[in-house]
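Down below is the structure, laid out as structure tokens.
By convention in this document, chain letters (A, B, ...) are assigned in the order of the sequence lines, proteins followed by strands, and residues within each chain are numbered from 1.
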Number of protein chains: 2
Amino acid sequence: MRMRSTRAKPAPPAADSTAPRPVHLGPLREFVGYRLRRAQLSVLAGFELALRELGLSPGQLSVLMVIAHNEGLTQSDVCAALGIQRANFTPLLHDLEARGYAIREVLPADRRSNTLRLTLLGREAVARALALHERLEKRITRCLGATGRSQLIELLQKLEAL
Amino acid sequence: MRMRSTRAKPAPPAADSTAPRPVHLGPLREFVGYRLRRAQLSVLAGFELALRELGLSPGQLSVLMVIAHNEGLTQSDVCAALGIQRANFTPLLHDLEARGYAIREVLPADRRSNTLRLTLLGREAVARALALHERLEKRITRCLGATGRSQLIELLQKLEAL
DNA sequence: GAAAATAGTTATGGTAAATAAGCATTATCG
DNA sequence: CGATAATGCTTATTTACCATAACTATTTTC
């Protein structure tokens, strides 16, 4: 029994060799780690697109924001708050200093420590970054819904603890 | 009006200098990108802990799983499915070959392409990895609740699209 | 049959994170 | 008081990951 004149399928395009082959991910589809990584790369791309004109990396912006909301922190304080290694923090901060965004000052009470604060330029940069970033969050909210977005944040926060 | 003998606060422990200072994150607290990154690092650490005895990276395991569920894929197929650059895939695959987990064979129909399949050893490795990974997912489920976990996966999947 | 496109490889650069060692300063304790 | 330990920051180095460009071999297109 051949099917030739019966038109079984409309147009099986003779194996379109350019079409990417559909792939089964198996259990991987529900690996939280896998989904996290993919989503994170996607949002990261959105971040870089949204803040391109400022040239700030996510890490740099997070540091600026923490300093902005807690003037007088030491470098170690910022590192502890953001989960950054102190060794990696030094060059990051120097870049922010070189841009004229942040200032590092020896703490008189303990001359090993540096306290951090933002310049006016730094505060302006944070303000602009926040405005640009707002667009990204709005895009995310359109994608997830407002409740979806806040659910996500809450779940991610729990996940951080382990 | 001084308060000295009135015992205003029970015991302000004279500024415990070893205690990490509490830090306000400001709007950063609700940046989806920030929360994603922190959560991802946390789960990544859990992955490495859980699969240490196998010595498989998340990327390697994902490749093994995709091959396992779709024998005969080409390298480009796997790359497209997992969002890996073909250039970066080559050394990754060579490592899996060197371990005796995967085999690369020229496709006769198109001698430019290599089709991939797992060895018996490779399938065993995937099975063991899945068993170990199961513990991680269970830990995550304890942390988020079963419905929380599936909500998270759904939200992350949406987020991937943008 | 020549030119363009594709699969895979190689080489290279950038960024992020981890580790170890060093210096200056402060705290601890005999 | 003074030696030792601990702390804050820096430097250097390593590793891993992602991206780009250039190259070879093969196939497709016209």
Side chain to side chain donor-acceptor pair (under 3.5 Å) against [X], all qualifying residues, sequence neighbours excluded:
X      : answer
A/R38  : A/Y34
B/R135 : none
A/E97  : A/R104

Rounded to whole Å, please give me the gap between [atom1] in [X] and [atom2] in [N].
X      : N      : atom1 : atom2 : answer
A/N114 : C/dT26 : CG    : C1'   : 15 Å
A/F47  : D/dC18 : CZ    : P     : 19 Å
A/R86  : C/dA16 : CZ    : C1'   : 18 Å

(request) Treat primed atoms plus P, OP1 and OP2 as sugar-phosphate and everything else as base, then score nucleotides 22-30 of chain D 5' to 3': B for base contact with protein heavy atoms under 4.0 Å, S for sugar-phosphate contact only, - for none. (result) ---BBS---
Where do N or O atoms of nucleotides 17-21 of chain C meet protein N or O atoms at under 3.5 Å, pair by pair?
unit_1	atom_1	unit_2	atom_2	d
C/dA17	OP1	B/R37	NE	3.3
C/dA17	OP1	B/R37	NH2	3.3
C/dA18	OP2	A/Q85	OE1	3.3
C/dA18	N7	A/N88	OD1	3.3
C/dA18	N7	A/N88	ND2	3.1
C/dA18	N6	A/N88	OD1	3.1

(request) Just grab all the ring-ring contact (aromatic ring centres under 6.0 Å, His included) pairs involving residues 63-96 of chain B, residues at least two apart or on different chains. (result)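 Output for this query is empty, none listed.
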Taking salt bridge (charged side-chain N to carboxylate O under 4.0 Å, His left out) as the test, write out the residues that go with [X], two or more places apart.
X      : answer
B/R112 : B/D110
A/E71  : A/R123
A/R117 : A/E105

(message) Per the side-chain hydrogen bond (donor to acceptor under 3.5 Å, both in side chains) rule, what does the pair list look like for residues 40-53 of chain B, sequence neighbours excluded?
(response)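 Sorted result for residues 40-53 of chain B: empty, none.
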(message) By nearest heavy atom, map A/P58 and B/L93 onto DNA chain C; which one lands nearer the 5' end?
(response)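 The residue mapped nearer the 5' terminus is B/L93.
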(request) Determine yes or no for a side-chain-to-main-chain donor-acceptor pair under 3.5 angstrom, with A/T119 supplying the side chain and A/Y101 the backbone. (result)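 Yes.
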(message) Side chain of A/Q75, heavy atoms from C-beta onward: which of C/dT9, C/dA7, D/dC9 has the nearest atom to it?
(response)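 Looking only at heavy atoms from C-beta outward on A/Q75, the closest nucleotide is D/dC9.
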(request) Using the test ring-ring contact (aromatic ring centres under 6.0 Å, His included), find all partners of B/F31 that sit at least two apart in sequence or belong to another chain. (result)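 Per chain and number, B/F31 pairs via ring-ring contact (aromatic ring centres under 6.0 Å, His included) with A/H133.
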(message) What's the angle between the local helix axes at either end of the helix from C/dG1-D/dC30 to C/dG30-D/dC1, using five pairs per end and rounding to 10 degrees?
(response)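 The end axes of the helix from C/dG1-D/dC30 to C/dG30-D/dC1 are about 10° apart, to the nearest 10°.
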